[in-house]
Amino acid sequence: LKNAEAVLEYERIAELGYVKRDFRKVVYYMDRALEFAPACHRFKILKAECLALLGRYPDAQSVASDILRMDSTNADALYVRGLCLYYEDCIEKAVQFFVQALRMAPDHEKARLACRNAKALRAKKEEGNRAFKEGSFDEAFELYSEALKIDPNNIKTNAKLYCNRGTVGSKLNKMQQAIEDCTNAIKLDDTYIKAYMRRAQCYMDTEQYEEAVRDYEKIYQTEKTKEHKQLLKNAQLELKKSKRKDYYKILGVDKSASEDEIKKAYRKRALMHHPDRHSSASPEVQKEEEKKFKEVGEAFSILSDPKKKARYDSGQDVDDDGMNSGDFDANNIFKAFFGSPGGFSFEASGPGNFFFQFG
């Protein structure tokens, strides 16, 4: 009698735990109950279902398989088998088990709901994939978003959906959205290399190189392939380059700028920041403009020299091989560029207006 009362109490606590989604508690008390009633299929099924909901799929499969060996028509065991496959993103096989469970017990509400979710998730994901392949990225984004609302508990499938939506986001140039989606995928499945790869590429595209290096390091630690090693090296190189002076930015040109574009940019910026143009300004302004004038000269001395430019573009130090970027005089570069034999001056033509005159 005492044993029977204990079993009833364990069952009561387990049922309360199930309602509160405290599945660990359910497993614990079902194990206690099974010590007194080791052949009870109902206790085994409840334990197996909660193991599946906890992500312990092999353990859940093992319990369900033991029951099916004794009773191949057990709808509850078929449902649990399907549930494990569903949460492992084997949706096609999962549907087969749910259908089989419903064939054995047409009123099996859990199997019916799971089957409906599985079919809806499969259909919506396939629609999203189809739209993506057709280049309909806005439509794909919406379809993946709808799929993510179907079942928040399906961690593996939702991780893939987030990653897929992140890929779409990058195609739509919604980089921050893409990064957030990949981060959500990684939160659900921190072994998901594809999500790390997508996020790292987004970080590269948005020049967040430290974050990209961190992701590529994680990827390379997990899968030491030549491709991953090269991606890590590329990210490390871009990080190194990002910490130097950006000579292209100083001149206001793209990295693909031609020799003529670089010369035109230097002409414009050198005249803009030349100290003589700011001789009547405050000492602070004069100092700032002189600094900018020197930076413009330094940038031009590097980008106008093919050898130095090649080293700079490849991420190498331009000071190597005797090429010292600091070994120049901004005024000498200015004079050499403008070819002034008799000097030059800035003359005011009105308040704040200057023109450049060669002597």
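Owing to the predicted nature of the structure, the values given are computational and were not obtained by experimental measurement.
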Checklist line | Note: Glu289-Arg277 ion pair, threshold 4.0 Å (strictly below) | finding: no
Check: Are Ile45 and Met104 joined in one hydrophobic group, where the rule is that I, L, V, M, F, W and Y side chains link up if heavy atoms are under 4.5 Å apart?
Finding: no
Check: Nearest heavy-atom pair of Cys182 and Gly166: which atoms, and what distance?
Finding: SG-CA, 4.5 Å
Next item on the list: Given side-chain contact (heavy atoms from CB on, under 4.5 Å), test Asn164 with Phe132 step by step and report yes or no.
Entry: CA-CA 9 Å; Asn164 287 1; Phe132 178 79; over 6 Å; no
Check: Going by the side chain to side chain donor-acceptor pair (under 3.5 Å) test, which pairs reach into residues 97-109, not counting sequence neighbours?
Finding: Asp76-His108
Note to self: Tell me the closest heavy-atom pair linking Val26 and Gly17, and the distance in Å.
What the structure shows: CG2-C, 3.7 Å
Next item on the list: Could you check whether the rings of Phe36 and Tyr10 sit parallel, tilted or perpendicular, using 30° and 60° as the cut-offs?
Entry: parallel
Next item on the list: Scan side-chain atoms only and decide if Tyr86 and Asn117 contain a donor-acceptor pair under the 3.5 Å cut-off.
Entry: no
Note to self: Between the side chains of Glu92 and Arg122, is the shortest nitrogen-to-carboxylate-oxygen separation below 4.0 Å, so that they form an ion pair?
What the structure shows: yes
Next item on the list: Run the salt-bridge test on Lys309 and Glu259 with the 4.0 Å N-O cut-off and return the result as yes or no.
Entry: no
Next item on the list: Examine Val63 and Leu78 and state if one hydrophobic cluster contains both, with Ile, Leu, Val, Met, Phe, Trp and Tyr joined whenever side-chain heavy atoms are less than 4.5 Å apart.
Entry: no
Check: How many angstroms lie between CG in Leu188 and CG in Asn158, if you round to the nearest 0.5 Å?
Finding: 6.5 Å
Item checked: Backbone of Phe141 reached by a side-chain donor or acceptor of Ser145 within 3.5 Å -> yes
Item checked: CZ on Phe293 to CG on Leu271, rounded to 0.5 Å -> 9.0 Å
Next item on the list: Identify the two heavy atoms, one from Ile67 and one from Ala77, that lie closest to each other, and give their separation to 0.1 Å.
Entry: CG2-CB, 3.9 Å
Next item on the list: Apply side chain to side chain donor-acceptor pair (under 3.5 Å) to Asp215 and Tyr220, showing your working.
Entry: CA-CA 9 Å; Asp215 274 356; Tyr220 184 61; over 6 Å; no
Next item on the list: Take Lys294 and Glu290, measure what salt bridge (Lys or Arg N to Asp or Glu O under 4.0 Å) needs, and give me the verdict at the end.
Entry: CA-CA 6 Å; Lys294 287 180 178 178; Glu290 185 178 357; 3.7 Å; yes
Notebook entry, point to check: Leu51, Phe98: one ILVMFWY side-chain cluster at the under-4.5 Å cut-off?
Noted result: yes
Next item on the list: Can you establish whether the number of heavy atoms outside Arg267 located under 6.0 Å from its atom CZ is more than 12?
Entry: no
Item checked: Donor-acceptor side-chain pairing of Thr73 and Asp71 below 3.5 angstrom -> yes
Check: Is Glu9 paired with Arg12 through a side-chain N to carboxylate O contact shorter than 4.0 Å?
Finding: yes
Margin query: Assess, by modelled atom type and distance only, whether the side chains of Thr225 and Glu227 contain a donor and an acceptor separated by less than 3.5 Å.
Written below: no
Next item on the list: State whether the side chain of Arg32 and the backbone N or O of Glu11 hold a donor-acceptor pair below 3.5 Å, judged by distance alone.
Entry: no
Notebook entry, point to check: Is Lys93 atom NZ crowded by more than 12 heavy atoms from other residues, nucleotides or ligands, each under 6.0 Å away?
Noted result: no
Checklist line | Glu238 with Lys241: basic N within carboxylate O range, under 4.0 Å | finding: yes
Note to self: If hydrophobic clusters are built from ILVMFWY residues whose side chains come within less than 4.5 Å, do Ile91 and Leu53 share one?
What the structure shows: yes
Notebook entry, point to check: Any Lys/Arg nitrogen of Arg130 or Glu134 sitting under 4.0 Å from an Asp/Glu carboxylate oxygen of the other?
Noted result: no
Check: For residues Tyr28 and Arg24, is any side-chain donor paired with an opposing acceptor at under 3.5 Å?
Finding: no
Next item on the list: Indicate whether any N or O donor in one side chain lies under 3.5 Å from an N or O acceptor in the other, for Glu49 and Tyr18.
Entry: yes
Next item on the list: Could you tell me the separation between the CG atom of Asn153 and the OG1 atom of Thr157, rounded to the nearest 0.5 Å?
Entry: 11.5 Å
Margin query: Using modelled atom types and a 3.5 Å cut-off, is there a donor and acceptor pairing between side-chain atoms of Asp305 and backbone atoms of Ser301?
Written below: no
Next item on the list: State plainly whether the residues Arg56 and Asp59 are in salt-bridge range, i.e. N to O under 4.0 Å.
Entry: yes
Next item on the list: May I ask you to establish whether Lys187 and Tyr192 are in a cation-pi arrangement, using a distance under 6.0 Å from NZ or CZ to the six-membered ring centre and at most 45° from the ring axis?
Entry: no
Item checked: In one Ile/Leu/Val/Met/Phe/Trp/Tyr side-chain cluster, 4.5 Å: Phe43, Leu83 -> yes
Check: Has the side chain of Thr206 got a donor or acceptor atom that lies under 3.5 Å from a matching backbone atom of Tyr203?
Finding: yes
Check: Does the side chain of Asn184 pick up a donor-acceptor pair with the side chain of Glu180 at under 3.5 Å?
Finding: no
Item checked: Inter-residue atom distance Lys263.NZ - Ser258.OG, 0.5 Å rounding -> 10.0 Å
Check: Between Glu261 (side chain) and Val253 (backbone), is there a donor-acceptor pair under 3.5 Å?
Finding: no
Margin query: Tell me the closest heavy-atom pair linking Ile250 and Arg269, and the distance in Å.
Written below: O-NH1, 3.5 Å
Check: Do NZ/NE/NH1/NH2 and the carboxylate oxygens of Asp31 and Lys47 come within less than 4.0 Å?
Finding: yes
Notebook entry, point to check: Is it the case that Asp189 and Thr191 place a side-chain donor and acceptor less than 3.5 Å from each other?
Noted result: yes
Note to self: For Phe97 versus Gly82, what's the shortest heavy-atom pair and its separation?
What the structure shows: CB-CA, 3.6 Å
Margin query: So which atom in Val296 and which in Ala270 form the shortest heavy-atom distance, rounded to 0.1 Å?
Written below: CG1-N, 4.0 Å
Next item on the list: Indicate yes or no: does Asp89 engage Lys160 in a salt bridge with an N to O separation below 4.0 Å.
Entry: yes
